[in-house]
Student: 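Have a look at this one.
Each residue takes its place number in the sequence, starting with 1.
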Amino acid sequence: RGGRGDVTESHTAWVREVGALPDVASPVSNGALVFTVSSGGGLSCFDAVSGERLWTHGIGGRTYVSPSLVGDRLLLFTREGRAMVMAAEEKPRVLGEASLGKLKMSASPAFARVAGKPRMFLRTEGQLLCIGAP
């Protein structure tokens with residue numbers, strides 16, 4: 001807040017080396033934890049205050065898709081259309097996995113309410129998918 005000029009020293013919470021950060025996907029945070037995923041498929045969890053890496057977990061494939069935080073869960077997609085749901089916690093815990101078939105995914109999902117019902121939109125290289133309960 002209220003910084004002027006070079007605020008590197010006064011407004012930086014923590015710093016990680018470039019090799020420790022994702023090269024394509026954006027991070028997501030629940031306020032206490034920060035989650036990143038590398039294009040090689042390594043999901044990392046950092047303490048939001050200290051920057052300490054708490055854990056790393058492979059998601060089973062390459063990805064360019066940013067992780068999504070849905071409530072207390074992380075939603076991840078590989079380039080090959082594999083989906084994984086993990087608990088957004090201080091220890092890695094897989095809650096579920098599924099395959100969307102032979103899709104090529106590079107875009108992060110979008111979430112919206114359509115006619116009052118929650119929907120998830122996934123863009124692949126050849127399709128736009130809308131997923132939600134009837």
Student: For side-chain contact (heavy atoms from CB on, under 4.5 Å), just list the numbers for R79 and K104, CA-CA rounded to whole Å, side-chain angles, deciding distance to a tenth of an Å, and then say yes or no.
Tutor: CA-CA 5 Å; R79 173 90 173 114; K104 295 290 184 195; 3.5 Å; yes
Student: Please report the shortest heavy-atom distance between M86 and L43, naming the atom on each side.
Tutor: SD-CD2, 3.4 Å
Student: Using 0.5 Å steps for rounding, measure from the CZ atom of F35 to the OG atom of S26.
Tutor: 15.5 Å
Student: Are the side chain of S108 and the backbone N or O of S66 linked by a donor-acceptor pair below 3.5 Å?
Tutor: yes
Student: Hey, what do you get for CG (L33) to CG (D47), rounding to the nearest 0.5 Å?
Tutor: 7.0 Å
Student: Distance-only, no hydrogens or angles: does the R123 side chain make a donor-acceptor pair with backbone N or O of M105 under 3.5 Å?
Tutor: no
Student: Grab the two heavy atoms, one from T36 and one from P27, that are nearest each other, plus how far apart they are.
Tutor: CG2-CB, 3.8 Å
Student: What heavy-atom pair brings F46 and G51 nearest, and what distance separates the two atoms?
Tutor: CD2-O, 3.4 Å
Student: Once you round to the nearest 0.5 Å, how far does CG of L76 lie from OG of S68?
Tutor: 8.0 Å
Student: Identify the heavy atoms of S29 and V34 that sit nearest to each other, and give their distance.
Tutor: OG-CG2, 3.9 Å
Student: What's the shortest heavy-atom distance between E89 and C45, and which atoms?
Tutor: O-SG, 3.9 Å
Student: I'd like to know whether L75 forms a side-chain contact (heavy atoms from CB on, under 4.5 Å) with M120, so could you lay out the CA-CA distance, the side-chain angles of the two residues, the decisive distance to 0.1 Å, and finally the verdict.
Tutor: CA-CA 11 Å; L75 181 58; M120 178 175 59; 3.3 Å; yes
Student: Between atom NE2 of H57 and atom CZ of R93, what is the distance when rounded to the nearest 0.5 Å?
Tutor: 12.5 Å
Student: Is there side-chain contact between T124 and L100, with heavy atoms separated by less than 4.5 Å?
Tutor: no
Student: Identify the two heavy atoms, one from V24 and one from S39, that lie closest to each other, and give their separation to 0.1 Å.
Tutor: CG2-CB, 4.4 Å
Student: Can you confirm whether V65 sits close enough to P109 that some side-chain heavy atom of one is under 4.5 Å from a side-chain heavy atom of the other?
Tutor: yes
Student: Are V85 and L122 joined in one hydrophobic group, where the rule is that I, L, V, M, F, W and Y side chains link up if heavy atoms are under 4.5 Å apart?
Tutor: yes
Student: Judged by atom type as modelled, is there a donor-acceptor pair below 3.5 Å linking the side chain of N30 to the main-chain atoms of L69?
Tutor: no
Student: If Ile, Leu, Val, Met, Phe, Trp and Tyr residues are connected whenever their side-chain heavy atoms lie under 4.5 Å apart, and connections chain through other members, are V28 and F111 in the same group?
Tutor: no
Student: Are any of the side-chain heavy atoms of I59 and F77 separated by less than 4.5 Å?
Tutor: no
Student: So for atom CZ, which belongs to R73, do other residues, nucleotides or ligands contribute more than 12 heavy atoms lying within a distance under 6.0 Å?
Tutor: no
Student: When hydrophobic residues are tied together by side-chain contacts of less than 4.5 Å, even through go-betweens, does V70 share a cluster with I131?
Tutor: yes
